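Treat the numbers as computed from the prediction; the structure is a model and nothing was measured. Read the numbers this way: they start at 1 and go in the same order the structure lists the ligands and their atoms.
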Amino acid sequence: MRSVVGGAMLLLGMSALPVLAADGKNTTTNAMPPGAASCSPCHGKQGEGQPTTAVPRLAGLNAQYLERQLAGFKDGTRKNRIMMMIASDLSDGEKKALATYYANMATTKAETAPADAAVIAAGAKLAATGDWSKDLPGCAQCHGAAGLGVGADFPRLAGQWAVYIEKALRSWKSGDRKTDPMGVMANIAGKLTDDQIKSVAAYYESLPVAAPAHASETKP
Ligand code: HEC
Ligand code: HEC
């Protein structure tokens, strides 16, 4: 798969790839579970992820969503060699503790160079209204008007790294990811052109993550 080489490099020699420093502070009192030290070389000490290497931001994503993804890597409904190895070593209790830990992080977003305004605008339109010529609903219908996610089922996309969003959409297209209930995302991703994938990913990356106070209040 696409990230095997990069992932293996990360695992073997983490200094070889750029790991961005956290830009924000974790403002919650959130006890670090023992396993989290092994996640931070890739996902960052504050769960901020990496803007350029398709390692997702985990901070502030819904805990049940995160736990379900770890289960998906473990049972093979979601394929990524590195994460499959890591998740297969985690007990149910460890998965829950790690998911809760990252969900409770109110890390702010690092400033990165914004994408082209026209690209972002095209993405915003697709997110809001979809593309009815292809029977494609707006992403906002499920992921929320501001992309902040809805409950445990529909993850937050706002502030997620565009490279990772693009990769996630392509994993549904290729069948590497089957974690979505009733194949809903596979159906949607299958209808997106490459340009649409790029623009909608750029749009969601450009959105602010939830304000820390609000984010921690809405945690399940
Ligand atoms: C060697 C790098 C690396 C390490 C270490 C690592 N991850 Fe990951 N993680 C990734 C990559 C790359 C992805 C994206 C996989 C994909 O594209 O499907 C990912 C994806 C995830 C996701 C899915 C997020 C989403 O938005 O769906 C979760 C949850 C996750 N990792 C949790 C963890 C936890 C918890 C640990 C520590 C126990 C950990 N990871 C350690 C690289 C890593
Ligand atoms: C009918 C509801 C629905 C619509 C519309 C929808 N999604 Fe989703 N989306 C989901 C569900 C459900 C999941 C969680 C799947 C899972 O559990 O793995 C998801 C997950 C995702 C993820 C994975 C996030 C992560 O952290 O890995 C991305 C990226 C995504 N959607 C992008 C989009 C985009 C872009 C659009 C619009 C073009 C869109 N979605 C429209 C239901 C929807």
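In Trp161, neither the side chain nor the backbone holds a heavy atom less than 4.0 Å from any atom of ligand 2. Contact annotation for Leu61 and ligand 1: only side-chain heavy atoms (C-beta onward) come within less than 4.0 Å of the ligand. Only the backbone of Ala54 comes within 4.0 Å of ligand 1, judged by heavy-atom distances. With a heavy-atom cut-off of 4.0 Å, Cys139 touches ligand 2 through backbone and side chain alike. When heavy-atom distances to ligand 1 are checked against a 4.0 Å cut-off, Pro56 comes that close only through its side chain, counted from C-beta outward. Contact annotation: for Val184 versus ligand 2, heavy atoms closer than 4.0 Å belong to the side chain alone. Looking at Asp153 against ligand 2, only its backbone comes within 4.0 Å, counting heavy atoms. Residue contacts with ligand 2 for Leu157 involve side-chain atoms from C-beta outward but no N, CA, C or O (heavy atoms, distance under 4.0 Å). Of all the heavy atoms of Gln69, the ones lying under 4.0 Å from any atom of ligand 2 belong exclusively to the side chain.
Metal site remark for atom 8 (Fe) of ligand 2: Cys142 contributes no N, O or S atom at a distance under 2.8 Å.
Atoms of ligand 2 found under 4.0 Å from any heavy atom of Pro137 (numbered from 1 in listed order, with element): 5 (C). The distance from ligand 2 to the heavy atoms of Arg68 drops below 4.0 Å at these ligand atoms: 16 (C), 17 (O). Annotation for ligand 2: atoms under 4.0 Å from non-hydrogen atoms of Ile165 are 29 (C). Each of the following atoms of ligand 2 lies closer than 4.0 Å to a heavy atom of Val200: 35 (C). Short contacts between ligand 1 and Ile86, defined as distances under 4.0 Å to a heavy atom of the residue, involve ligand atoms 4 (C), 5 (C), 6 (C), 38 (C), 41 (C). Near Leu66, meaning under 4.0 Å from one of its heavy atoms, ligand 1 places the atoms 29 (C).
Ligand 1 has a nitrogen or oxygen under 3.5 angstrom from a nitrogen or oxygen of Arg78. The N/O atoms of Lys79, backbone and side chain alike, include none that comes under 3.5 Å of an N/O atom in ligand 1. Of the polar atoms of Gln141, none of the N or O atoms is found under 3.5 Å from an N or O of ligand 2, judged by distance alone. For ligand 1, none of its N or O atoms has an N or O atom of Ser171 under 3.5 Å away. In terms of polar-atom proximity, Tyr102 is not counted as a contact of ligand 1, lacking any N or O under 3.5 Å from an N or O of the ligand. For Tyr164, a nitrogen or oxygen atom sits less than 3.5 Å from a nitrogen or oxygen atom of ligand 2, counting backbone and side chain alike. The shortest N/O to N/O separation between Tyr65 and ligand 2 falls below 3.5 Å.
The SD atom of Met83 and the NE2 atom of His43 meet at atom 8 (Fe) of ligand 1 at an angle of about 170°, given to 10°. Rounding to 10 degrees gives 170° for the angle at atom 8 (Fe) of ligand 2 between NE2 of His143 and SD of Met185.
With a 4.5 Å cut-off on side-chain heavy atoms, Tyr101 and Met32 count as touching. Using a 4.5 Å heavy-atom threshold, the side chains of Val209 and Arg57 count as touching. The closest side-chain heavy-atom distance from Asp180 to Asn187 is not below 4.5 Å.
Taking 4.0 Å as the cut-off between side-chain N and carboxylate O, Lys95 and Glu67 do not count as a salt-bridged pair. Using a 4.0 Å cut-off between a side-chain N of Lys or Arg and a carboxylate O of Asp or Glu, Asp194 and Arg170 qualify as a salt bridge. Classification of Asp195 and Lys198 as a salt-bridged pair fails, no side-chain N sitting under 4.0 Å from a carboxylate O.
Atom NZ of Lys96 and atom CG of Leu70 lie 11.5 Å apart (nearest 0.5 Å). Here the straight-line distance linking atom SG of Cys42 with atom CG of Leu58 works out to 10.5 Å at 0.5 Å rounding. With rounding to the nearest 0.5 angstrom, the SG atom of Cys139 is 7.0 Å from the CE atom of Met185.
The shortest contact between atom 6 (C) of ligand 2 and any protein heavy atom is with Ile188 CD1, 3.4 Å. Scanning the protein heavy atoms around atom 18 (O) of ligand 2, the nearest turns out to be Thr179 OG1, 2.6 Å. Of the protein's non-hydrogen atoms, Pro155 CD, 3.6 Å is the one closest to atom 13 (C) of ligand 2. Atom 23 (C) of ligand 2 has its closest protein heavy atom at Trp172 CH2, 3.4 Å. If you check which protein heavy atom lies closest to atom 42 (C) of ligand 2, you get Phe154 CD2, 3.6 Å.
Under a 4.0 angstrom heavy-atom cut-off, Arg177 registers as being in contact with ligand 2. Not close to ligand 2: Tyr203, with no non-hydrogen atom less than 4.0 angstrom away. Under the 4.0 angstrom criterion for non-hydrogen atoms, Gly138 is in contact with ligand 2. Taking 4.0 Å as the cut-off, Pro41 does not count as a neighbour of ligand 1 on heavy-atom distance. Within the structure, the closest approach of Ser38 to ligand 1 falls below 4.0 Å when heavy atoms are considered.
Between the side chain of Ser174 and the main chain of Ser171, a donor-acceptor pair closer than 3.5 Å is present.
Ring geometry for Phe154 versus His143: interplanar angle over 60°, hence perpendicular rather than tilted (30 to 60°).
Pairing each heavy atom of Phe73 with each of Asn80, the nearest pair is CE2-CB, 3.8 Å.
Nearest to atom 2 (C) of ligand 1 by heavy-atom distance, out of Cys42, Cys39, Gly35, is Cys42. Distances from atom 15 (C) of ligand 1 to the heavy atoms of Leu58, Asn80, Leu70 show the closest one on Asn80.
Surrounding NZ of Lys125 are at most 12 heavy atoms belonging to other residues, nucleotides or ligands under 6.0 Å away.
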